[in-house]
Amino acid sequence: MKEQLELIQKNALAALEAAETPAALEELRVKLLGKKGELTAVLKLMGKLSPEERPVMGQMANTVRATIEAKLEERKAAINAAVLEAKLAAESIDVTIPGDNVQLGHQHPMNMVLQEIKDIFVGMGYTVVDGPEVELASYNFTRLNIEEGHPSRDRSDTFYFDDNDEVLLRTQTSSMQIRFMENNQPPLCMLAPGRVFRKDEADATHSPMFHQIEGLVVAEHITMGDLKGALITIMNKIYGHDAQVRFRPHHFPFTEPSCEMDMQCHKCHGTGEVDGQVCSTCHGEGWIELLGAGMVHPEVLRNCGIDPEKYSGFAFGIGLERTAMGRLKITDLRLIFDNDVRFLNQF
Ligand code: PHE
């Protein structure tokens, strides 16, 4: 029995030394010390020993058990330390590896130009307002003196929501003239930027959705000279003092007299040609139409409860995309809507 115990201890210590995982250790613990383990099996034979031998063997068995237990604890600690070590090594972070670049976005170029324009007008005393894109025909057309049957009301030009042609996507920010005059008495100075919608095919200078900036000034003794002065001042502030613009007579039902203002094409510099080809930005015109304007029609003032005998005013509607194109030397309007980051990152 003494030899048996010595053998158990020797083999156990060797096996424990060789075990390398927590699972292998646990397996050994059961095998050596468990109820059906080797040591227990030997202890069961104690009954067969003589009374003199029994305490001696008993004590020896206890020592063997204690030795195995101590070795088990020692190996457990060593293996756990090794496991932790391996884990730390696997999860270690090399702080010297260069990081992933975070792409920082910025304001869209068109909004940059809008912000510039708003700042200029606010500096001139204008109030900036916002209004609905889904609009009533009465604001978009009727009260702006655009009679039934006018071509701009046509279903081929305007997006309607109903069969009676009463609710629509506004085709111009001029609807904001009525909304503002309804609620404000002269003297007034309003700027209303926003989206407008028309059934247009997209090309280098057209898009079915684009932005306008409506301006309206109504007070006593306002003249066409004030309108020209305001527009030239703003153009000089946006484009610099050599801004090339021209005014042409035009017709709008809600202004009288009316005009349009063009900016010299920034691609062909007014020649209409680039490398012997027709300029694709201005379609060979040499000029790009930027805005419509005029003196507010007396009928429009009356429609808003303002006395045209006492007050007069001017209004204008600037095409924001085209203004931004000139300001940032963009040659195709579609680039503004594509949102290609290679384009956007240039600003
Ligand atoms: N609303 C006109 C357009 O969309 C522009 C305009 C605004 C003309 C104000 C005169 C006065 O073409």
Side-chain angles (χ1 to χ4, degrees), residues 110-111 113-146 152 157-158 168-198 207 209-219 222 224 226-235 237-238 247 250-263 289-297 299-301 303-304 306 311-324:
M110 193 194 68
N111 284 324
V113 174
L114 173 60
Q115 196 54 50
E116 267 180 38
I117 295 175
K118 279 206 252 180
D119 283 349
I120 295 169
F121 277 106
V122 167
M124 292 165 77
Y126 286 67
T127 303
V128 179
V129 295
D130 201 7
E133 290 169 4
V134 176
E135 188 52 283
L136 298 172
S138 92
Y139 288 92
N140 195 86
F141 295 128
T142 317
R143 292 168 75 184
L144 282 166
N145 206 27
I146 304 175
S152 66
D157 288 332
T158 302
L168 46 81
L169 284 175
R170 67 178 175 192
T171 62
Q172 49 184 0
T173 45
S174 298
S175 52
M176 288 305 293
Q177 292 185 29
I178 307 296
R179 287 193 176 272
F180 197 76
M181 284 191 280
E182 235 177 20
N183 295 313
N184 297 275
Q185 281 301 310
L188 51 85
C189 258
M190 171 211 86
L191 194 76
R195 268 191 281 259
V196 300
F197 306 83
R198 291 181 198 176
S207 153
M209 187 282 292
F210 58 102
H211 295 74
Q212 286 187 332
I213 306 171
E214 194 77 12
L216 174 71
V217 173
V218 181
I222 298 289
M224 192 87 180
D226 296 315
L227 168 61
K228 259 191 106 170
L231 290 177
I232 290 174
T233 303
I234 170 103
M235 289 304 144
K237 290 204 179 190
I238 301 174
F247 288 88
H250 200 72
H251 170 77
F252 296 104
F254 39 95
T255 47
E256 182 58 36
S258 306
C259 64
E260 281 190 333
M261 199 194 78
D262 302 336
M263 162 190 72
E289 179 198 320
L290 270 197
L291 60 88
M295 300 305 292
V296 181
H297 196 291
E299 195 58 32
V300 175
L301 293 176
N303 287 342
C304 300
I306 293 173
Y311 296 107
S312 57
F314 65 76
F316 55 84
I318 308 176
L320 175 56
E321 282 82 0
R322 292 179 181 186
T323 307

Fill in: Tyr311/Val296 under side-chain contact (heavy atoms from CB on, under 4.5 Å): CA gap, chis, key distance, verdict
CA-CA 10 Å; Tyr311 296 107; Val296 181; over 6 Å; no
Worksheet item: What's the verdict on side-chain contact (heavy atoms from CB on, under 4.5 Å) for Val196 and Phe210, showing C-alpha distance, side-chain angles and the deciding distance?
Response: CA-CA 6 Å; Val196 300; Phe210 58 102; 3.5 Å; yes
Practice prompt. Could you check Asp119 against Val122 for side-chain contact (heavy atoms from CB on, under 4.5 Å), going step by step and ending with a plain yes or no?
Written response: CA-CA 5 Å; Asp119 283 349; Val122 167; 5.6 Å; no
Practice prompt. For the pair Leu291 and Leu231, evaluate side-chain contact (heavy atoms from CB on, under 4.5 Å) and give the outcome as yes or no after the intermediate values.
Written response: CA-CA 10 Å; Leu291 60 88; Leu231 290 177; 3.8 Å; yes
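For the atom pair CE (Met224) and SG (Cys259), the distance works out to 4.0 Å, reported to the nearest 0.5 Å. Note that CD1 of Ile306 is 5.5 Å distant from CG of Leu301, once rounded to the nearest 0.5 Å. Note: Glu116 CD to Ile234 CD1 = 9.5 Å, rounded to the nearest 0.5 Å. With values rounded to the nearest 0.5 angstrom, Asn303 atom CG is found 10.0 Å from His297 atom NE2. Between Met295 atom CE and Thr255 atom OG1 the span is 9.5 Å, to the nearest 0.5 Å. If you take CZ on Arg170 and OH on Tyr139, they are separated by 13.5 Å, rounding to the nearest 0.5 Å.
For Asp157, the side chain to side chain contact (heavy atoms under 4.5 Å, CB included) partners at least two apart in sequence or on another chain are Asp154. With sequence neighbours left out, the ring pair (Phe, Tyr, Trp, His ring centres under 6.0 Å) criterion links Tyr126 to Phe121. The salt bridge (Lys or Arg N to Asp or Glu O under 4.0 Å) search around Glu321 returns none, not counting sequence neighbours. For Thr173, the side-chain hydrogen bond (donor to acceptor under 3.5 Å, both in side chains) criterion is met by Gln212, Glu214, not counting sequence neighbours. In this structure, Ser207 has no side-chain hydrogen bond (donor to acceptor under 3.5 Å, both in side chains) partners at least two apart in sequence or on a different chain. Under the rule for a side chain to side chain contact (heavy atoms under 4.5 Å, CB included), the partners of Thr142 that lie at least two apart in sequence or sit in another chain are Ser138, Arg153. Scanning for ring pair (Phe, Tyr, Trp, His ring centres under 6.0 Å) contacts around His250 gives Phe252, with sequence neighbours left out. With sequence neighbours excluded, the residues satisfying side-chain hydrogen bond (donor to acceptor under 3.5 Å, both in side chains) with Ser152 are His150. Scanning for salt bridge (Lys or Arg N to Asp or Glu O under 4.0 Å) contacts around Glu299 gives Arg302, with sequence neighbours left out.
Cys304 and Ile178 get closest at one heavy-atom pair: SG-CD1, 3.8 Å. Here the closest non-hydrogen pair linking Arg322 and Met263 is O-CE, 3.9 Å. Shown here for Pro132 and Met176, the closest heavy-atom pair between the two residues is CD-SD, 4.4 Å. Residue Thr158 comes nearest to Leu169 through the heavy atom pair CG2-O, 4.5 Å, listed as atom of the first residue, atom of the second, then distance. Residue Leu144 comes nearest to Ser175 through the heavy atom pair CD1-N, 3.9 Å, listed as atom of the first residue, atom of the second, then distance.
Residue pairs meeting the salt bridge (Lys or Arg N to Asp or Glu O under 4.0 Å) criterion with at least one member in residues 120-133, sequence neighbours excluded, are Glu133-Arg195. Residue pairs meeting the salt bridge (Lys or Arg N to Asp or Glu O under 4.0 Å) criterion with at least one member in residues 177-186, sequence neighbours excluded: Glu135-Arg179, Arg143-Glu182.
Within the 4.5 Å cutoff, the side chain of Thr323 has heavy atoms near those of the Ile117 side chain.
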Please table the atom pairs, donor to acceptor, closer than 3.5 Å between any side-chain atom in residues 184-194 and protein atoms at least two apart or in another chain.
from   : atom 1 : to     : atom 2 : distance (Å)
Asn184 : ND2    : Phe180 : O      : 2.9

